[in-house]
There are 2 protein chains.
Amino acid sequence: MTASRALRRAKDVSPATIAKVEAAAASVGYVGNALAQSLSSKRTDLVAVIMPSLTNTVFPEVLAGIAEATEARGLQPVFGLSEYDKQKELKAIRSLLAWKPAAFLVPGVDQLDEAKKLLADSGIPVVQVMDLTDDPIDSCVGFSHRQAGYDMAVALLAKGVTRFGYVGAALERDLRAAKRRAGFAQALEEQGHRFVCEYTVASTATMALGGELMGGVLDQSKPVEAVYFANDDMAAGGVFECLRREVKVPDDVVIAGFNGLEVTDSLPVQIVTARSPRYLMGLTAGELVASNVLDNTPRARRIELEPTLDFGDFH
Amino acid sequence: MTASRALRRAKDVSPATIAKVEAAAASVGYVGNALAQSLSSKRTDLVAVIMPSLTNTVFPEVLAGIAEATEARGLQPVFGLSEYDKQKELKAIRSLLAWKPAAFLVPGVDQLDEAKKLLADSGIPVVQVMDLTDDPIDSCVGFSHRQAGYDMAVALLAKGVTRFGYVGAALERDLRAAKRRAGFAQALEEQGHRFVCEYTVASTATMALGGELMGGVLDQSKPVEAVYFANDDMAAGGVFECLRREVKVPDDVVIAGFNGLEVTDSLPVQIVTARSPRYLMGLTAGELVASNVLDNTPRARRIELEPTLDFGDFH
DNA sequence: CTGAAAGCGCTAACAA
DNA sequence: TTGTTAGCGCTTTCAG
C-alpha cells in the first residue's frame with residue numbers, strides 16, 4: 001500500500017520511503033498495471049477517438065491536435081476507424097466503450113441513432129468534432145459546412161462570377177462535403193443561378209480524380225467561369241489539369257476549393273479556398289474533454305470555429 | 001458465470017441460454033468491461049503504436065495499414081506520439097506498456113537503449129517499422145533507407161548525371177532522411193563525385209521550404225544537373241519553384257525525391273522518386289503482430305520490403 | 001451444460 | 001506516516 005502511494009506521489013508518504021520505493025521499482029524494472037489501476041479506482045485516462053480515415057490528410061491533422069491536447073494533460077488516446085461507414089462507426093463506438101474511456105470524440109454530427117444513444121447513456125463527455133448541430137449528444141466543436149459552402153458562393157457571386165461548375169466525389173459518404181455543396185447551391189439559387197455543370201463520381205476524392213473531372217468541365221460546351229471543388233485535394237488536381245492545358249488560373253477559370261491544405265499554398269497559382277481550422281479543432285476538442293474530465297468543467301454545448309476565406313490570386 | 005460464457009460465445013452453453021442472456025444484455029444496454037476482462041484473463045487485445053508525427057502524411061499512411069490489419073483481427077490500436085524526440089518516445093513507451101498491450105510497434109530502429117531494454121523485457125512481440133537493422137529488438141519490417149539513397153544515386157549516375165545538389169531539412173531528427181542522404185553521398189563518393197552544394201536547415205520539411213531551398217540552389221553559381229531532396233514534399237516545392245522561374249524539369253534540372261506521394265503523381269511534371277511501400281509496411285507489420293499474438297506464430301526477425309524507383313519524365 | 005470459489009493487481013476507506 | 005481489509009468486474013478452474 002505504501003509503495004502504491006509512493007509511486008503515485010501521493011502525499012502522506014515520507015520522502016525517504018518514496019526514494020526507497022522508487023529505487024526498488026527501478027531495480028526490478030517495475031511497470032504498473034493500468035488495467036488494475038483503472039479497475040480499482042474506477043477511473044481511466046483513456047480518451048476514445050474515432051476518425052473516418054487516415055489517408056485523407058485532414059483527419060490526421062485533427063487527430064494531431066487531439067493527441068497534443070490530451071497527451072499534454074496526461075490522457076491517453078485510443079482510436080478506431082469508421083472508414084466513412086456508419087455501421088463500422090457504431091461497432092467501433094461499442095468496442096471502445098468497453099474500455100470505459102473518460103471521454104469520447106467522434107467525427108461529425110451524423111451518427112446512427114443507436115450510436116448516439118450508446119454515447120449519451122455512457123455518461124461520459126462526448127464531443128462531436130468537425131461539424132456543428134443545434135442538438136449535440138453533449139458538445140460539438142467545429143464549423144458549419146453548409147455555411148462554409150454558402151459563404152464561398154456568396155463571396156464569389158459578389159465578385160461578379162455567375163457561371164459555376166462543381167466537381168466532387170464520394171458525396172454519399174463524405175457528408176460534410178455534401179453539406180458544403182448544398183450550401184453553395186442554395187446561395188446560387190437565392191441569387192437566381194445554378195451550377196452550369198456538375199461532375200461527381202462515387203469513388204474517393206483524390207488529386208488525380210480532380211484533374212480528370214476538371215478535364216470534363218473544360219471539355220463540355222457550356223462556358224464556366226469558376227469551378228467549386230469538394231476539397232483542396234481535388235482542386236489541386238484541377239489546377240494541374242489547367243497547367244497541362246495552359247488554361248490560365250484564375251484568368252480563364254477560377255478554381256475554388258476547401259480546407260487550405262499545404263499543397264494549396266505551394267501551388268504555382270493560389271486558388272480560392274476556405275481554410276478550415278483542423279489542428280485547432282482537434283486541440284479545442286481535446287482541451288475541452290481534458291478540462292471536463294480533469295477539472296470537472298461544465299460541458300460546453302457548442303464551440304463554433306470559423307474557416308477563413310482566402311481569395312489567393314483572384315482579385 | 002453462464003452469462004459471461006454466453007456473451008463470449010464460448011461453447012458448452014445451450015443455444016437457449018445464449019439467446020436469453022443476449023436478450024437480457026440488450027435490454028439493459030450492457031457494455032462489458034474490457035479492463036476487468038483483461039485483468040482477469042491476463043490477456044489484452046491492445047496493440048501499442050508509436051508514431052513520430054501525424055502532420056507528415058507518411059506516418060498516417062503507415063498507421064492506416066497497421067490499423068487495418070490489427071482491427072481486422074479484432075485487435076485494438078492504442079497510440080502515442082514521439083514528435084521525433086527519443087526522450088518523448090521513451091516516455092510514451094513506458095506509459096503504453098502499463099496498459100499491458102499484446103504487442104508493440106515502434107517507428108524505426110533507433111530507440112534509446114533504455115527504451116529497447118524496456119521493450120525487450122516486456123516479453124511481447126515488438127516490431128520496429130519503417131527501417132531495417134540486423135539487430136532488431138524482436139522483428140523489423142521496412143526497407144533500408146541508406147540503401148534507398150544509395151540506389152537512387154547509382155541510378156542517376158548511370159544516366160550520366162554527375163553534378164548533384166542536395167536539399168533537406170531537420171536531418172538531426174529525421175534519421176531516416178539522413179540515412180538516405182548518407183547512402184546517396186556514399187554512392188557519389190564511390191564514383192569520385194560529391195554534392196556540388198547542399199542546402200539543409202533545422203526546421204521542419206515542408207513544400208514551401210523545399211521551394212525556398214531550391215531557390216538557393218538555383219541562385220548559387222555552381223551549375224547543378226540534379227537535386228536530391230530529403231522527400232517528395234520538399235521536392236514538390238522544388239518543382240513549383242522551377243515552374244515559377246520557368247526552369248524546365250527535367251531538361252534544365254532533374255528533381256529527385258523520395259516516397260512517391262500523391263502530390264508527386266499529380267504534379268504537371270513527373271519527378272524522379274522512389275516509392276516507399278508505406279501502407280504495405282503498416283499492413284505487414286500489423287499482420288505480423290496479429291499472427292504472433294493470435295496464432296502464436298514464430299516472430300520473423302526481419303521483413304524487407306522495397307521502394308520502387310520511378311524515373312517519371314526523366315529518360 | 002451450469003455454478004461456486006478464488007484471484008487478476010491495484011486503490012479507497014478506514015484503523016493504528 | 002504506514003498498514004489492513006475489502007472489492008473493482010471479470011475469467012479460470014474445478015465441482016456438480
Which is more 5' along DNA chain C, the nucleotide nearest B:Thr17 or the one nearest A:Ala36? Just name the residue. B:Thr17
Do B:Ser276 and B:Arg278 have side-chain atoms, one donor and one acceptor, less than 3.5 Å apart? yes
A:Ser38 near the nucleic acid: base, sugar-phosphate alone, or nothing, with a heavy-atom cut-off under 4.0 Å? nothing
Going 5' to 3' on DNA chain D, which nucleotide is the first and which the last to come under 4.0 Å of a heavy atom in chain A? D:dT1 to D:dG9
Side chain proximity check, B:Leu54 to B:Leu63, heavy atoms < 4.5 angstrom: yes
More than 12 heavy atoms of other residues, nucleotides or ligands under 6.0 Å from CD of B:Glu22: yes or no? yes
What is the distance, to the nearest angstrom, from the CG atom on A:Leu7 to the P atom on C:dT11? 8 Å
Starting at the 5' end of DNA chain D and moving along, which residue's nearest nucleotide shows up first, B:Met1 or B:Leu39? B:Leu39
Contact check, side chains of B:Val62 and B:Tyr279, non-hydrogen atoms, under 4.5 Å: no
Ion pair present between A:Glu114 and A:Arg94, side-chain N to carboxylate O less than 4.0 angstrom? yes
Side-chain ion pair, B:Asp45 and B:Arg73, N-O less than 4.0 Å: no
B:Asp110/B:Lys179 ion pair, N-O < 4.0 Å: yes
Do the side-chain N or O atoms of A:Tyr30 get closer than 4.0 angstrom to the phosphate oxygens (OP1, OP2) of C:dG9? no
How many whole angstroms separate atom CZ of A:Arg43 from atom C1' of C:dC10? 12 Å
Measure the angle between the two terminal helix axes of the helix from C:dC1-D:dG16 to C:dA16-D:dT1, five base pairs each, and quote it to 10°. 30°
Can you check the A:Lys42 NZ to C:dA13 P distance for me, whole Å? 10 Å
Length of the line joining A:Asp45:CG and C:dC10:P, which is rounded to integer Å: 15 Å
For B:Arg5, which contact category applies under a 4.0 Å heavy-atom criterion: base, sugar-phosphate, or nothing? base
Side chain to side chain donor-acceptor pair (under 3.5 Å): which pairs involve residues 75-86 of chain A, sequence neighbours left out? A:Glu83-A:Lys88
Just to be sure I understand the rule, does B:Asp12 reach a base, reach only the sugar-phosphate, or reach nothing, if contact means heavy atoms closer than 4.0 Å? base
